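So that the names make sense, note that chain A is the first sequence line, chain B the second, and so on, each numbered from 1. Since this is a predicted model, take the numbers as computed values, not measurements. What you see below is based on every heavy atom in this structure, not just the backbone, and it leaves out hydrogens, waters and symmetry mates.
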Amino acid sequence: MIATIAAKELKQLFGSPLAWITLGVLQGILAWLFLNQVDAFLGLQAQLSLLVNPPGVTEMVVAPLYWATALLLLAITPILAMRLIAEERRNHTLPLLFSAPVSLRDIVLGKFFGLWIFLCLIVILATLMAFSLRMGGQLDMGLLLANQAGIVLLAACLAALGLYFSALTAHPAVAAISSIGASLGLWLLDIVTKDLGLWHALSLLWHFERISRGFLNSADIAYFLLFILTFLTLAARRLDQDRVCG
Amino acid sequence: MAELLPSLRARNLSRCYGKRMALEALDLELHPGEVMGLLGQNGAGKSTTMRMLTGNLAPGSGSIEVCGIDLCKNPEAAKMHLGYLPEIPPLYQEMTVSGFLRLAASLHRVPKSGMTVAVAQTLQRCDLTGVSKRLIGNLSKGYRQRVGIAQAIIHSPAVVILDEPTAGLDPLQIREIRALIAELGRSHSVILSTHFLPEAEALCNRVLILRRGRTVFSGQVSDLLKQCTDDTLEDCFVRLTGQGNAT
């Protein structure tokens, strides 16, 4: 049932211009940033070779590319997630799912996976660009994999957060703005609260930064997984309120 | 009929919205092959009843059994035997008719092997074959209503619940939808709500009349006419629901 709902979400996305425009525009921006970064790396290569332990192409080009992808995901995920439940509520299509033999858990997970798979597609396109560097040199596969893991987990967090805000309202725009506010807040928590350990640990940026530097720490992965689980559970509970409160 | 297991049984069903009692102690039993009309003025509790019977709204108290399965305790198993058309049909405008019916079929756990047959049969049954490749958003209201009914019957459920299926349609469309409901009544148990009383009289074996959330009559139309000593169902309806200042 999760697969059915996820497939439905993906079909709806690709059936509208939204998915294609998003993929096209993001790919354009990322390609431009990527080429800029490659250019800068080539310019610096002579100076870098003088260093004892110079940063490689993965550190200089690929990691910034994933950073840029992360920032773009932060901006577009709330817009893609806003329609997931809010639009169904607005168009009165939720009874189709509620009357079918499908649990709330399956509805929430189906919608979550539908969006996450789409976000992963954006990451895959960025990764293909990174792989093109292999034509001219060596990539640090460990660092690349850590970056991929970080961004895929970050995308899942943003999708879960967006889904929760979409479950709160019948107005997609309200869902999007609340979700942008919450994601940015959780992102910036790191900058605003430099010295406070606990607040620091709640920041999405802080955990993402650690993974993207190549440290695949179980604490960071646990943070991401707990984050996803919390917001998916809250979304399911909010959907249940529709049934209980009418 | 009485010895058969009822397709749908509701006992002492109640529901409040805040302090307002929307439905009070409703008892309902529907047997295979029966068509029951749910009648009442606007706000009498018809849609609330239907939403509860289909698992879209949690009952305040009482129990619902679909084919002997408790809807509250085992919702997924019970919903396999239910088909529901809400007042506003739950349709995805950007999908094609056949694509949408495929989705409805897989949500209702129609096995993959039987899906093509189920979709083709339902398209034919609801006279939708000619528009199967069109987008739902481009269809007329009558066709959209048919698609709504099609999604409710695609999995051949034991109980079909239709909330005002003919509201807002033109006379010709009403006639077609009514013929479809009459046909459904032969193979499924059907509950339908309507404001059009001759429709209820023509289609339903039994009627249940609600007034401000309370059942004022439940039984056969002929019994109601005898009881009220009126000539038409409309007169009985006005007598039963119009007393006092009904809202």
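Neither the backbone nor the side chain of B/P75 comes within contact range of chain A, judged by heavy atoms closer than 4.5 Å. Only the backbone of B/L91 comes within contact range of chain A, judged by heavy atoms closer than 4.5 Å.
In this structure the side chain of A/S103 reaches within 4.5 angstrom of the side chain of B/E76, judged on heavy atoms.
Here the CG-CG distance, from B/N56 to A/D242, works out to 10.0 Å after rounding to the nearest 0.5 Å. In this structure, B/L85 CG and A/S99 OG are separated by 9.5 Å, a value rounded to the nearest 0.5 Å. Taking OG1 of A/T93 as the reference point, atom CZ of B/F100 lies at 8.5 Å (rounded to 0.5 Å). Residue A/R243 holds its CZ atom at 11.5 Å from CE of B/M52, rounded to the nearest 0.5 Å. Taking CZ of B/R51 as the reference point, atom CZ of A/F98 lies at 9.5 Å (rounded to 0.5 Å). Taking NZ from A/K8 and OG from B/S106, the interatomic distance works out to 11.0 Å, rounded to the nearest 0.5 Å.
Surrounding CD of B/Q124 are at most 12 heavy atoms belonging to other residues, nucleotides or ligands under 6.0 Å away. Heavy-atom contacts from other residues, nucleotides or ligands closer than 6.0 Å to CZ of A/R237 number 12 or fewer. The environment of CZ in B/R144 is crowded: more than 12 heavy-atom neighbours from other residues, nucleotides or ligands sit within 6.0 Å.
No donor-acceptor pair under 3.5 Å is formed between the side chain of A/K11 and the backbone N or O of B/M95.
Residue pairs that meet the salt bridge (charged side-chain N to carboxylate O under 4.0 Å, His left out) test with at least one member in residues 103-131 of chain A, sequence neighbours left out, are A/E9-A/K111, A/E88-A/K111.
Across all their heavy atoms, B/A58 and A/V244 have their closest contact at CB-CA, 4.0 Å. Across all non-hydrogen atoms, the minimal contact from B/Q151 to A/L96 is OE1-CD1, 3.3 Å. Closest approach of B/H108 to A/P101, counting heavy atoms only: CD2-CD, 3.6 Å.
In terms of heavy-atom pairs under 4.5 angstrom with chain A, the leader among B/T48, B/I88, B/L82, B/I161 is B/I88.
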Taking it one step at a time, do A/I5 and B/L107 satisfy side-chain contact (heavy atoms from CB on, under 4.5 Å)? CA-CA 8 Å; A/I5 296 173; B/L107 283 174; 4.0 Å; yes
